[in-house]
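Quick notes on the structure that follows.
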Amino acid sequence: MSPLLTRRSALAGLAASASVLAAPSVLAQAKPRVVIVGGGFAGATCARSLAAMGVAVTLIEADQRYVACPFSNLVIHGTRDIAQQTFGYDALRAAGVDVVFARAERIEPEARRVLLPGAVAITYDRLVLAPGIDMRFDALPGYDSATAERMPHAWKAGAQTLLLRKQLEAMDDGGVVVMSVPANPFRCPPGPYERASLIAHYLKNHKPKSKLIVLDSKDTFSKQKLFMAAWQELYPNHLEWVSLASGGKTVEIDVRDMSVVTEFARHKAAVANVIPPQRAGSIAQASGVADRSGWCPIDPVSFESRLAPNIHVIGDAAIAGAMPKSAFAANAQAKHCAIAVAAMLRGEPAPSPKLINTCYSLVAPDYGISVAGVYQPAKGLLADVEGAGGASPGGASREFRAREAIYADAWFKVVTEGVYG
Amino acid sequence: MPSLQGKSASDIEAAMTAFRTGGREATVMDRIAKGFTKRETNAIADWLAQAGAAK
Ligand SMILES: Cc1cc2nc3c(=O)[nH]c(=O)nc-3n(C[C@H](O)[C@H](O)[C@H](O)COP(=O)(O)OP(=O)(O)OC[C@H]3O[C@@H](n4cnc5c(N)ncnc54)[C@H](O)[C@@H]3O)c2cc1C
Ligand code: HEM
């Protein structure tokens, strides 16, 4: 499809849905409409699930291409092409989803409308917000969006991922890489440690005189025992982790000096990967569904916002209790949310979910570890089901770790095929 | 990841029970199977077998 045609059909789609839906929903059509904002793992899964149930659904997504984060650390490692991370929305269209490429600006909960640029409004019966995260460029002194062009976060996959890869490749052997990791909560709790592992693996093999320093704002992290045992075994000379208690908390970024500053030291970097604190995507803030923490409180049964009626929030943007901010969790929440929304449109209560999460991490390309959990609503939050879940066993064979690396790859293929394929 | 396509409900139930009780070696299914009761497992197995057969 030519870019022109793509753009034209996108605009045509937009005009069609806008005119049909401009009528107030009380007068409207026999068939209620669900609008979803955000076509990542959460929003795209939900759109597809609703379409499969025969519900009319419009998906509003800012970008025509989705670049998935899981496995993007292998792009940084230099052994995976970003094309393998990149997906489009044709399959969603073919499945009956009305896809509109635009950045939603604001929600009006009373009028049940989503406002798009150019004074276009799309009305909904129920809205699903799945905008993912935004970096908090007001949180770390000295770190803003301009600084991120020199000291990438690479915490949204795409140009930032490629920039960090390019910087590592261009670095002289002997250069120091510094990584800054935020406090909880943030997207993908084990993600920084997977990245640290794969950067150390790259340095060990290609820049053996170099070293990675990980400055952490925490003392404990996901799969910590497994990561640290593997680091000691594989990267004793290439990876140094500095905990909060040892002075790891980043307090300032000095881009002119290429330094990450803690309370105790300045760490001058040849390459700096600064992962800043985060919050729910800006539309959540602009629409009053995020609380003072910056994230969106939800009912764990229906995923309906606790702050605005008829709006559901799923994926990284939501406060999902014990469930981590992962693509796996976003996908699971989205499937359940579709069922909940369809039930509520029929005037029935949402059924209570039981959800699974599994986060795989690569400590080396052929060395996988995982953490799993099963969750159900308890006391107003999603809570761990006792006795289930946990991390891969310690002390397992390299063959066991290799099998988990293969399963990690298989998971990515299965989930992306189900959503975008 | 092994596919469940074409597996019968009783195959899936038996595997899940073995994963839950440690009777079958696993990387991750033991940790997942422990989160579901027998009744839930049966319901999931029935559903999966039907979905698999429908394809
Ligand atoms: C390095 C890294 C590694 C990771 N590895 C894993 C892993 O191995 N396994 C795993 O399960 N998870 C992993 N994750 C986490 C995973 O990427 C996220 O949890 C997941 O992307 C969350 O999905 P989402 O749909 O909530 O948000 P997103 O994927 O961010 O999608 C949000 C979408 O909404 C769109 N959007 C936002 N605002 C608007 C608006 N106003 N209008 C229109 N569109 C809008 C955006 O363009 C985007 O496409 C990793 C993350 C990182 C950074
Ligand atoms: C309740 C939902 C699930 C059911 C009913 C289920 C069922 C099964 C069954 C029956 C098998 C054995 C297949 C065979 O013998 O060929 C199996 C294996 C497997 N499944 Fe699942 N599964 C579920 C969820 C998951 C999830 C969420 C993952 C995530 C990553 C997963 C990963 C695996 C893996 C890796 C194996 C191989 C055994 C191992 O190493 O653990 N499964 N599953």
Side-chain angles (χ1 to χ4, degrees), chain A residues 49 52 223 226 322-323 328-329 332 335-336 339 351-361 367-376 378 382-394 396-418, chain B:
Chain A
S49 304
K223 295 178 260 192
L226 294 168
M323 267 192 121
F328 196 117
K335 287 178 184 169
H336 172 70
I339 292 169
S352 188
K354 200 147 186 184
L355 300 172
I356 303 176
N357 176 64
T358 308
C359 284
Y360 284 104
S361 300
Y367 188 132
I369 56 177
S370 62
V371 59
V374 184
Y375 309 89
Q376 65 191 4
L382 283 159
D384 279 296
V385 171
E386 293 290 330
S392 307
S397 67
R398 278 306 285 267
E399 187 277 325
F400 188 99
R401 306 293 190 217
R403 242 190 298 156
E404 287 218 274
I406 290 167
Y407 289 144
D409 186 58
W411 165 74
F412 184 80
K413 289 201 179 98
V414 168
V415 74
T416 53
E417 175 67 23
Chain B
M1 214 159 278
S3 166
L4 298 179
Q5 196 91 46
K7 285 212 182 334
S8 71
S10 57
D11 282 352
I12 297 173
E13 270 167 43
M16 288 294 276
T17 306
F19 286 133
R20 190 171 53 232
T21 56
R24 182 167 166 187
E25 201 263 356
T27 56
V28 72
M29 279 310 297
D30 49 346
R31 292 175 265 154
I32 290 170
K34 286 182 184 130
F36 296 89
T37 64
K38 182 121 196 78
R39 270 186 60 193
E40 287 167 342
T41 304
N42 292 351
I44 294 168
D46 286 342
W47 186 87
L48 285 171
Q50 254 175 27
K55 278 195 185 150

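Reminder, nothing fancy here: chain letters follow the sequence lines and each chain counts from 1. Not measured: the values here are computed from a predicted model.
At a heavy-atom separation below 4.5 angstrom, chain A is approached by B:E25, B:A26, B:T27, B:V28 within residues 14-29 of chain B.
Across all their heavy atoms, A:N357 and A:A329 have their closest contact at OD1-N, 3.3 Å.
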Residue pair A:E404, A:K223: steps toward the salt bridge (Lys or Arg N to Asp or Glu O under 4.0 Å) verdict: CA-CA 14 Å; A:E404 287 218 274; A:K223 295 178 260 192; over 6 Å; no
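Between A:Y367 and A:L226 there is no side-chain heavy-atom pair separated by less than 4.5 Å.
Atom CG of B:L48 sits about 5.0 Å away from atom CD1 of B:I12, to the nearest 0.5 Å. Between the OH atom in A:Y375 and the CG atom in A:L382 there is a gap of 9.5 Å [rounded to 0.5 Å].
The residue among A:S392, A:A410, A:P393 with the most heavy atom pairs within less than 4.5 Å of chain B is A:S392. When A:A396, A:S370, A:A372 are compared by the number of non-hydrogen pairs under 4.5 Å with chain B, A:S370 comes out ahead. Chosen from A:K413, A:E386, A:R403, the residue pairing most often with chain B at heavy-atom distances under 4.5 Å is A:R403.
Scanning for ring-ring contact (aromatic ring centres under 6.0 Å, His included) contacts around A:F412 gives A:F71, with sequence neighbours left out. Judged as a side-chain contact (heavy atoms from CB on, under 4.5 Å), and not counting sequence neighbours, the contacts of B:E13 are B:A9, B:N42, B:A45, B:D46. With sequence neighbours left out, B:E40 forms a salt bridge (charged side-chain N to carboxylate O under 4.0 Å, His left out) with A:K354.
With a 4.5 Å cut-off on non-hydrogen atoms, A:V371 touches chain B through its backbone but not through its side chain.
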